[in-house]
Amino acid sequence: MSAQHPFRFGVVMGQASSVSEWVAKAREAESLGFSTVLMPDTLGQTWSPFPALAALATATTTIRLGTYVLANDMRNPVMVARESATLDVLSEGRFELGLGVGRPNAGDDYRKLGMQFESGAVRVARFAESLKIISALLGGWHASASGPHYAVADADIFPSPVQQPRPPILIAGARKRLLTLAGQHADIVALAVQPNADEAAVAEAIGWLRDAAGDRFEQIILNCNLITVGEKVASWIAARYGGDISALRQSQSISVLMGSPDEMSQQLEERRARWGISYITLSEEFVDAFAPVVERLAGR
């Protein structure tokens, strides 16, 4: 396992009926002790992450703001770095940049953009190039690259981010190639294993990450996203499994959390001791049910 980092909790939310509701949801999460508001990145029924997070930057004071996660192919890396630095300034140093290669079922998004949905190998190779450019620019360096996927000539960005040496970078992944990149470059790693992943699959994923990270593995914060909290089940999971999630509940998945607030807190402490997972994220539909756990564990 990695070093035992303090617990952090993030709320993933994608839209609201108005800006006042959007701000109110973020402020509620802030008041309940959640550490982060995070936004997904799709062309479906979610708002565009950068402007939506900018609206929260001046409406909140302590909660961090992040992407969970940007689909790499959809944006130029220089522009990602520039937008990220601007958000870090607007939030006074509270931005976290989450990156990934795109969801496995993101073909519709690519179709809407008129882009080809390449194989995982191609998307990971493209992401590796992009990541180097983004990291350099956010770290205050000029960046140049000659492809094969990106050609950048002596790029720099303005403004400079508040956080130094740069804002934290989260990388989401489940397979070896992406977790190897995460081990080499990420500050936070979201273990994007399948909802029904067993202990062996989790151990394998963390092993790949540890091998790639070497001595820096102890500094990496491990994250997982919950699909159940107590008796509540994420709506997309219920739809995917036709409402029958009994197998998931018995799977010992790191994404499944059941029981009373005390029991859920104990499960999270046991998982941190075993796997090193300390950063827990969940859908906004779970906020009320999970708030007692946040009260018990945040910062501990």
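In this chain, numbering begins with 1 at the start of the sequence shown.
Side-chain contact check for Ile221 versus Arg8: some heavy-atom pair is nearer than 4.5 Å. No side-chain heavy atom of Asn72 sits under 4.5 Å from any side-chain heavy atom of Val101. Side chains of Arg272 and Gln4 form a contact here, defined as non-hydrogen atoms less than 4.5 Å apart. Residues Phe286 and Thr281 fail the side-chain proximity criterion, which asks for heavy atoms closer than 4.5 Å. Using a 4.5 Å cut-off on side-chain heavy atoms (C-beta onward), Pro148 and Glu129 make contact. Contact annotation: the side chain of Ile133 approaches that of Val78 to within less than 4.5 Å [non-hydrogen atoms, C-beta and beyond].
Atom CD1 of residue Ile63 and atom OG of residue Ser31 lie 8.5 Å apart, to the nearest 0.5 angstrom.
Leu43 approaches Lys112 most closely through the heavy-atom pair O-NZ, 3.4 Å. Looking at every heavy atom in both residues, Ile220 comes nearest to Ala182 through CD1-O, 4.5 Å.
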Cut-off 3.5 Å, no hydrogens considered: what does the side-chain donor-acceptor table look like for residues 50-60, sequence neighbours left out?
from: Thr60; atom 1: OG1; to: Leu56; atom 2: O; distance (Å): 2.8
from: Thr60; atom 1: OG1; to: Arg94; atom 2: NH1; distance (Å): 2.9

Side-chain donor-acceptor pairs of residues 165-179 under 3.5 Å, sequence neighbours excluded:
from: Arg166; atom 1: NH1; to: Asp187; atom 2: OD2; distance (Å): 2.6
from: Arg166; atom 1: NH2; to: His185; atom 2: O; distance (Å): 3.3
from: Arg166; atom 1: NH2; to: Asp187; atom 2: OD2; distance (Å): 3.3

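For the ring pair (Phe, Tyr, Trp, His ring centres under 6.0 Å) test, no residue two or more places apart in sequence or in another chain qualifies with Trp208. Remark: Ser17 engages Glu21 in a side-chain hydrogen bond (donor to acceptor under 3.5 Å, both in side chains) (not counting sequence neighbours). Judged as a ring pair (Phe, Tyr, Trp, His ring centres under 6.0 Å), and not counting sequence neighbours, the contacts of Phe290 are Phe9. For Gln184, the side-chain hydrogen bond (donor to acceptor under 3.5 Å, both in side chains) criterion is met by no residue, not counting sequence neighbours. With sequence neighbours left out, Glu92 forms a side-chain hydrogen bond (donor to acceptor under 3.5 Å, both in side chains) with no residue at all. Take Trp47 and apply the ring pair (Phe, Tyr, Trp, His ring centres under 6.0 Å) test, not counting sequence neighbours, and it matches Trp22. Taking the side-chain hydrogen bond (donor to acceptor under 3.5 Å, both in side chains) definition, one finds that Glu118 meets it with nothing, sequence neighbours left out.
Other residues, nucleotides and ligands place no more than 12 heavy atoms under 6.0 Å from the NZ atom of Lys132. Environment of CZ in Arg82: sparse, with no more than 12 heavy atoms of neighbouring residues, nucleotides or ligands closer than 6.0 Å.
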Does the salt bridge (charged side-chain N to carboxylate O under 4.0 Å, His left out) test come out yes or no for Asp73 and Arg126, once each step is laid out? CA-CA 8 Å; Asp73 286 352; Arg126 189 179 290 136; 2.9 Å; yes
Could you walk me through whether Tyr68 and Thr36 pass side chain to side chain donor-acceptor pair (under 3.5 Å), step by step? CA-CA 11 Å; Tyr68 196 79; Thr36 325; over 6 Å; no
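Side-chain contact annotation: Glu270 with Gln266, donor-acceptor N/O pair under 3.5 Å present.
Listed by first and then second residue, the salt bridge (charged side-chain N to carboxylate O under 4.0 Å, His left out) pairs involving residues 291-300 are Asp262-Arg296, Glu269-Arg300 (not counting sequence neighbours). The list of salt bridge (charged side-chain N to carboxylate O under 4.0 Å, His left out) pairs with a residue in residues 29-47, not counting sequence neighbours, reads Asp41-Arg75. Among residue pairs with one or both ends in residues 95-134, those qualifying as ring-ring contact (aromatic ring centres under 6.0 Å, His included) are Tyr110-Phe117; sequence neighbours excluded.
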